[in-house]
Amino acid sequence: MAFVSITNIVVDDKSQPFTSPITMDIYFDVIADIEDEIEWTLLYIGSPKDEAHDQILDQFSMGPLTKGTKQFTLESNPPDWKKIPQDELLGITAFILTCSYRQREFFRVGYYVYNTYTSPENIENDPQEVIIEDIARQIFNNKPRITRFEIDWNNPANSDVQQQPIQTKAYMFQEQQEKQSADATEVYNAPHQIQNVFDS
């Protein structure tokens, strides 16, 4: 049984300037008291082709936690656009939020993001130099890619239990995963489940 269950994340899907903060309201239930901290990480995929351009936008811990329903607002700085390849700045990318306990990830959600120029002139001509003030970001919050991992909540962090890392590029952009249905789908040979809707 999971000791912590993320029940909902509210993300603003309105078009906003690329340089504006990323804000989300996170709701979760603590099923049983936990003595150590849970760690949150917000990651932006700078290039679907190369994970070297991923940027950690925020990383923080909270805890110990007592049983009950919790809620908080995460507000993060936007990605540093100068670290993103210019030919990857526009179009579809994603950001990923993860949550771990004792160095073991038990929750991951990914949201697709669309970046585009807003003025008709720049949309049509695609300027050679980036005009960041004219680029807008829109987060698609209707079908998040959600994964819940089964972990041993009682084992200490330094135990021999190891968790296979997940490549961010494959997680959000692999063709086989793109073809999965919107229903909860088992992922074979892995102790987790991918879903496209939040449930408790």
Side-chain angles (χ1 to χ4, degrees), residues 1-13 21-45 51 54-79 94-113 139-172 177 180 182-200:
M1 179 189 72
F3 288 5
V4 176
S5 176
I6 287 76
T7 55
N8 197 21
I9 299 178
V10 179
V11 180
D12 190 354
D13 62 356
I22 296 173
T23 303
M24 59 184 70
D25 295 321
I26 300 173
Y27 301 81
F28 64 99
D29 290 334
V30 179
I31 312 302
D33 294 353
I34 56 174
E35 59 187 29
D36 290 330
E37 298 178 330
I38 59 174
E39 182 178 59
W40 301 86
T41 301
L42 182 64
L43 180 83
Y44 183 85
I45 298 179
E51 293 185 8
D54 291 354
Q55 297 183 41
I56 294 178
L57 303 183
D58 207 343
Q59 193 167 43
F60 60 95
S61 299
M62 59 174 59
L65 296 172
T66 57
K67 184 177 179 180
T69 298
K70 316 291 183 182
Q71 183 271 334
F72 70 96
T73 298
L74 187 159
E75 182 171 319
S76 168
N77 290 328
F95 70 80
I96 294 172
L97 177 70
T98 68
C99 194
S100 303
Y101 181 66
R102 291 176 172 172
Q103 302 174 16
R104 300 185 191 96
E105 185 178 330
F106 65 88
F107 176 82
R108 170 178 292 218
V109 59
Y111 293 90
Y112 293 104
V113 181
I139 299 170
F140 298 111
N141 65 2
N142 58 330
K143 284 189 178 180
R145 187 175 296 281
I146 301 166
T147 309
R148 302 180 192 276
F149 299 86
E150 295 292 337
I151 68 169
D152 188 342
W153 293 81
N154 294 308
N155 271 354
N158 59 356
S159 71
D160 293 332
V161 178
Q162 298 294 324
Q163 191 177 52
Q164 287 292 106
I166 294 180
Q167 294 184 339
T168 58
K169 180 178 66 174
Y171 180 72
M172 293 303 295
Q177 291 182 335
Q180 290 177 338
D183 297 329
T185 305
E186 290 292 342
V187 180
Y188 296 103
N189 300 320
H192 60 267
Q193 187 178 58
I194 287 181
Q195 299 171 300
N196 280 331
V197 291
F198 277 99
D199 61 14
S200 56

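No experiment lies behind these values; they were computed from the predicted model shown.
We find the CG-CE distance between N8 and M24 to be 12.0 Å, quoted to the nearest 0.5 Å. Here the straight-line distance linking atom CD1 of I96 with atom CD1 of I56 works out to 11.5 Å at 0.5 Å rounding. Of the inter-residue distances, the one linking I151 atom CD1 with E105 atom CD reads 9.5 Å to the nearest 0.5 angstrom. The distance from the CZ atom of R145 to the OH atom of Y112 is 4.0 Å, given to the nearest 0.5 Å. Between atom SG of residue C99 and atom CE of residue M62 there is a gap of 8.0 Å, rounded to the nearest 0.5 Å. The CZ atom of R108 sits 8.0 Å away from the CG atom of L43 when rounded to the nearest 0.5 Å.
Taking the six-membered ring where tryptophan is involved, the planes of F60 and F72 are perpendicular, since the angle between them exceeds 60° and thus also 30°.
Using a 4.5 Å heavy-atom cutoff, the side chains of R104 and N155 are in contact. The closest side-chain heavy-atom distance from D12 to I139 is not below 4.5 Å. Taking 4.5 Å as the limit, every side-chain heavy atom of L97 sits out of range of all side-chain heavy atoms of I6. Residues N141 and Y111 are in side-chain contact: their nearest non-hydrogen atoms beyond the backbone lie under 4.5 Å apart. D33 places none of its side-chain heavy atoms less than 4.5 Å from the side chain of P64.
Of the possible donor and acceptor atoms, one in the side chain of D152 sits under 3.5 Å from a partner among the backbone N and O of N154.
Checked against the 6.0 Å centroid threshold, Y44 and F95 do not count as a close aromatic pair.
Considering all non-hydrogen atoms of both residues, P144 and V109 come closest at CB-CG2, 3.6 Å. When every heavy atom of I38 is checked against every heavy atom of V4, the shortest pair comes out as CG2-CG2, 4.5 Å.
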May I have the step-by-step check of side-chain contact (heavy atoms from CB on, under 4.5 Å) for Y101 and D36, ending in yes or no? CA-CA 8 Å; Y101 181 66; D36 290 330; 3.7 Å; yes
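Just one of W153, F3, W40, F149 meets the ring-ring contact (aromatic ring centres under 6.0 Å, His included) condition when paired with F106; it is W153.
When the side chain to side chain contact (heavy atoms under 4.5 Å, CB included) test is applied to K70, the partners found at least two apart in sequence or on another chain are F28, V30, T66. Taking Q59 as the reference, T41 meet the side chain to side chain donor-acceptor pair (under 3.5 Å) condition, with sequence neighbours excluded. Contacts of E75 classified as salt bridge (Lys or Arg N to Asp or Glu O under 4.0 Å), with partners at least two apart in sequence or in another chain: none.
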